[in-house]
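First the structure, in the form of structure tokens, and then the observations on it.
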Amino acid sequence: MWAGAWVVRRFTEVGSTNTYVLERARQGVAEGLVAVAEHQTAGRGRLDRRWESPPGANLLASVLLRPRCEADDLHLCSAVVALAAADACAELAAVEPVLKWPNDLLVNGSKLAGVLAEAEFDGSRLRGVVVGIGLNVAWPGPVEAGGTCLVHVEGSKPVDKGALLDSILEKVARRRPLLDEQAGRRALADEVRRRCATIGQRVRVTMPAEEFTGVASDIDDAGHLVVDSESGRRLVGAGDVVHLRPE
Ligand code: BT5
């Protein structure tokens, strides 16, 4: 269990909880800062995409971690939050999401939540990681952004957003020390492997300089996605992955 304390800053409206925490991180604030907002005017996904959420409907939160790991381990920082959120949904809402590598929670193939990890560096040294999560709880009407929300899942129990955040933070604290040690990071990668719906899927992987398709066959001990493509076996540490229909 991580021994630190969460310091939670609550906003009715903010540009982006990730941007807020990243700015504080650069000013040297301690690990454990959390921002949570009812509404974001500039909610962000990865690669400059937008994260949509009507005011008050969903959980929008970011946490600052300062683990002793490398930039290459960023996806494991995402995993700590994604696994915690999946467990919290199971515990409180009776909904059991699976992981889509590297950063989504899916229910019945639809996106329930997305995770965005952004690092703060001192030269090449990783000083901090801000991990934000947008978890769809109760869209009024259909989920316009695509995906699903907890209240739309058949058999789900109603949840309070505050209780959901508390549960996620408690579960992040439990896994957080794993990020500091290689054995711990391997244990996290094992857990991702067991709960990742991407394994066995045909995928299209988009990386900054290239794009390829193949079959996702495994998660390695560092948490990379292993993809068997026509040009051979590839390890993906950071990339955008789309599940394709089987050929
Ligand atoms: C993500 O990006 O899935 C990461 C989303 C992280 C959002 C949180 S909210 C709190 C914190 N503060 C922020 O500013 N961000 C974080 P990506 O894999 O790039 O997926 C983005 C794509 O998901 C968009 O292009 C849409 O297609 C879709 N999308 C947008 N809003 C959505 C929603 N509420 N539910 C499901 N899909 C959504």
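Residue numbers start at 1 and run along the sequence shown. Note that ligands are numbered from 1 as they come in the structure, with each ligand's atoms numbered from 1 the same way.
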Before accepting this row, confirm whether a basic side-chain N of the pair [X]/[Y] lies closer than 4.0 Å to the acidic partner's carboxylate O.
X: Arg24; Y: Glu120; value: no
X: Asp104; Y: Lys111; value: yes
X: Arg185; Y: Glu181; value: no
X: Arg193; Y: Asp221; value: yes
X: Lys161; Y: Glu38; value: yes
X: Asp87; Y: Arg195; value: yes

>> Regarding atom 29 (N) of ligand 1: of the candidates Trp51, Trp139, Tyr20, which has the closest heavy atom?
In response: Trp51
>> Please state which option from Ile133, Leu116, Asn103 has its nearest heavy atom closest to atom 1 (C) of ligand 1.
In response: Asn103
Taking side chain as C-beta onward, heavy atoms only, is [X] less than 4.5 Å from [Y]?
X: Arg46; Y: Ser78; answer: no
X: Val115; Y: His75; answer: no
X: Val215; Y: Val203; answer: no

>> To check your reading of the model: name the closest protein heavy atom to atom 28 (C) of ligand 1, its residue, and the distance in Å.
In response: Ala145 O, 4.1 Å
>> Give me the nearest non-hydrogen protein atom to atom 34 (N) of ligand 1 as residue plus atom name, then the distance to 0.1 Å.
In response: Glu52 O, 2.8 Å
> At a 4.0 Å cut-off, with the gap strictly under it, does some heavy atom of Ser62 reach an atom of ligand 1?
Replying inline: yes
> For ligand 1, is there an atom lying under 4.0 Å from some heavy atom of Asp104?
Replying inline: yes
Just which atoms of ligand 1 are under 4.0 Å from any heavy atom in [X]?
X: Ala61; result: 10 (C)
X: Gly146; result: 35 (N), 36 (C), 37 (N)
X: Thr17; result: 10 (C), 11 (C), 12 (N)
X: Asn18; result: 11 (C), 12 (N), 16 (C)
X: Arg50; result: 24 (C), 30 (C)
X: Arg44; result: 5 (C), 6 (C), 7 (C), 13 (C), 14 (O), 15 (N), 16 (C)
X: Lys111; result: 1 (C), 3 (O), 17 (P), 18 (O), 20 (O), 23 (O)
X: Gly43; result: 14 (O)

> Arg9: what forms a side-chain hydrogen bond (donor to acceptor under 3.5 Å, both in side chains) with it, not counting sequence neighbours?
Replying inline: Tyr20
>> A cation-pi test, strictly: NZ or CZ of Arg234 under 6.0 Å from the centre of the six-membered ring of Phe212 and no more than 45 degrees from its axis. Yes or no?
In response: yes
Examine the proximity of ligand 1 to [X] and report which part, side chain or backbone, both or neither, has a heavy atom under 4.0 Å away.
X: Arg49; answer: side chain
X: Gln40; answer: side chain
X: Val115; answer: backbone
X: Ala37; answer: neither

>> What I want to know is whether Arg46 and ligand 1 share at least one N or O pair that is separated by under 3.5 angstrom.
In response: yes
> So is Asn136 polar-close to ligand 1, meaning N/O to N/O under 3.5 Å?
Replying inline: yes
> Roughly how far, to the nearest 0.5 Å, is CD of Glu118 from CZ of Arg44?
Replying inline: 4.0 Å
